[in-house]
2 protein chains.
Amino acid sequence: MSHKWVPNLSVDCVIFGFDADQLKVLLVERTLRTTDKKNIVFSDLSLTGYHIYEDEDLDSAAARIVKDLTGLDKLVLEQFYTFGSLDRLEHPNDKLWHEQFGDVFSHRVVTVGYFSLLPSTKVKIAQKDRVVRWYSVNEVQNMAFDHNQILEKALFHLRYKLQHDAIGLELLPDKFTLSQMQRLYEAVLGTSFDKRNFRKKVAQMNFVVPLKEKQHGVPHKPAQLYMFSRDIFMRTRKERPYFI
Amino acid sequence: MSHKWVPNLSVDCVIFGFDADQLKVLLVERTLRTTDKKNIVFSDLSLTGYHIYEDEDLDSAAARIVKDLTGLDKLVLEQFYTFGSLDRLEHPNDKLWHEQFGDVFSHRVVTVGYFSLLPSTKVKIAQKDRVVRWYSVNEVQNMAFDHNQILEKALFHLRYKLQHDAIGLELLPDKFTLSQMQRLYEAVLGTSFDKRNFRKKVAQMNFVVPLKEKQHGVPHKPAQLYMFSRDIFMRTRKERPYFI
DNA sequence: TCAGTTATTGTATTTGTTACACTAATTATA
DNA sequence: TATAATTAGTGTAACAAATACAATAACTGA
């Protein structure tokens, strides 16, 4: 792998997680200090991204970036949109940030957005020189560059996919209860569902398979555990669910 | 507008049309001749695309490319995917083609795919130095570069959109009959619908509005004409049609 | 005027969606 | 050890949407 990167092409990854009944996103703190390092000029949040290398395709760049932040391989990773406005790196804080790096970032940069899904508990954050943390998607604002916009678009796609695909199940742990699954859908879509009707729907999804196991240690009736069979899903998905 | 183009970033446009009950795509002939211009080395088909300029955003580049080919402005134009494999310009004919231009195309190029929809009769093709023609999407094969793959993905997105959006109506002329509309949906989706049930569906789409006008000059019962009101559609679309 | 062609319309059946409330199993606490 | 607290789990009736299906109407060309 060459480490010559392409100056005007980057990949940004929106890493979604789910935890405590909330949809989360993994973000990095961006803090600009005065040259004597004593004071903070500003501090905000950013997605994780980087330029692509000259001999690297887009999917590999996204996988590299996600692995670099989470230590994890083989996550679901999906391209959702490419951002190329001329003013995408032109907000006041971003200009200050650029100045710190001289003209390295003075080129026009187009970035390809990917999103990744995982249960947020799977990530062991171990970053030396960066502050990385899960944020509830509802509490995030004032992000670096055009990252608010990228997150917005990623969320839109996630909601869309959730309704037409089983991809949302990637956000749940390996073993989950139907109540957890329902709360996931409710959190992401911002609605609420009737418990019985939700379960009737799930019962038709043959890729959500009951395990021979129940919760334990909970102070109430323990729930049946289920798993997501990617295998059954791939084999039985219908190709084109027409709406008309 | 600067005319310095970015060497490793391009936009490719898939221009869809509809005509004679078939989904069409507007393609350009790519013919490589021997240096004495007497013989043809090969000839194949290509989408229309070009590098972006340094001070041009992606949507503008796509609009420029579509206008250049069709002479038309203000068409529906939608980004659908970005292609960045390392081998996307590496098929045998493509290498021969590159050699003709020296090393201008020797960089690695990532391309952003857009698609555009219009009734194919709207285009007056008037290209001096290029052969441009509508092809039925079913008859197209052996395209330049990775354009088969780009077309495939565009088609997938078009089918997807057709089912969740009114965008397909952009392929019909300003005044159309319900039979034309049905044949459009059948051609794009590759299915057939019951006429009465199809019309019941359309009756619920308040953005498909009947005109005070009928067909004339047809050798059979003349059909009622309808129009697509983009305005009503925008005002009445529901934000999130949940599936669960 | 009649043959050919496409347009237009309704109903019964099946399928899916919604609304709704009680009992069961576990832990914590009195 | 009984009881309170908490979440899990389940069925049915009403309503809405999707499907299957065939006869009559309006025009042109021969």
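A note on names: the letters A, B, ... follow the listed sequences, proteins ahead of strands, and every chain is numbered from 1.
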Requested in this report: Could you check how far CZ of A:Phe176 sits from P of D:dT7, rounded to whole Å?
Outcome: 20 Å
Query raised in the report: Thinking salt bridges, do B:Asp68 and B:Arg64 make one under a 4.0 Å N-O criterion?
Result: no
Query raised in the report: How bent is the helix from C:dT1-D:dA30 to C:dA30-D:dT1, comparing axes over its five end pairs at each side, to the nearest 10°?
Result: 10°
Requested in this report: Rounded off to whole Å, could you give me the CZ-to-P distance for the B:Phe198 and D:dA18 pair?
Outcome: 14 Å
Requested in this report: Check the angle between the aromatic planes of B:His164 and A:Tyr160 and answer parallel, tilted or perpendicular using the 30° and 60° thresholds.
Outcome: perpendicular
Query raised in the report: Quick one: are the ring centres of A:Tyr81 and A:Phe83 less than 6.0 Å apart?
Result: yes
Requested in this report: Send over the distance from B:Gln180 CD to C:dA7 P, rounded to a whole Å.
Outcome: 9 Å
Query raised in the report: Is it the case that B:Arg30 places NZ or CZ above or below the six-membered ring of B:Phe145, under 6.0 angstrom from the centre and within 45 degrees of the axis?
Result: yes
Query raised in the report: Can you say whether the rings of B:Phe80 and B:His157 are parallel (under 30°), tilted (30 to 60°) or perpendicular (over 60°)?
Result: tilted
Query - Atom pair SG (B:Cys13) and CD1 (B:Ile150), whose distance is rounded to the nearest 0.5 Å - result: 10.0 Å
**Report entry** side-chain hydrogen bond (donor to acceptor under 3.5 Å, both in side chains) involving B:Arg133 - partner list, sequence neighbours excluded
**Finding:** none
Distances under 3.5 Å between protein N/O atoms and the N/O atoms of nucleotides 8-14 of chain C, please, pair by pair.
residue, atom, partner, partner atom, Å
C:dT8, OP1, B:Gln224, N, 2.8
C:dT8, OP2, B:Arg199, NH1, 2.9
C:dT8, OP2, B:Arg199, NH2, 3.4
C:dT8, O4, B:Lys195, NZ, 3.4
C:dT11, O4, B:Lys200, NZ, 2.8

Query raised in the report: Atom CZ of A:Phe193 and atom C1' of C:dC20: how far apart are they, to the nearest Å?
Result: 18 Å
Requested in this report: Report the distance from atom NE2 of B:His220 to atom P of D:dG29, rounded to the nearest whole Å.
Outcome: 11 Å
Requested in this report: Give the ring-plane orientation class for A:Phe193 versus A:Phe198, where under 30° counts as parallel, over 60° as perpendicular and anything between as tilted.
Outcome: tilted
Report summary line: Rounded to whole Å, the CD-P distance (A:Gln204 to C:dT18) equals 12 Å
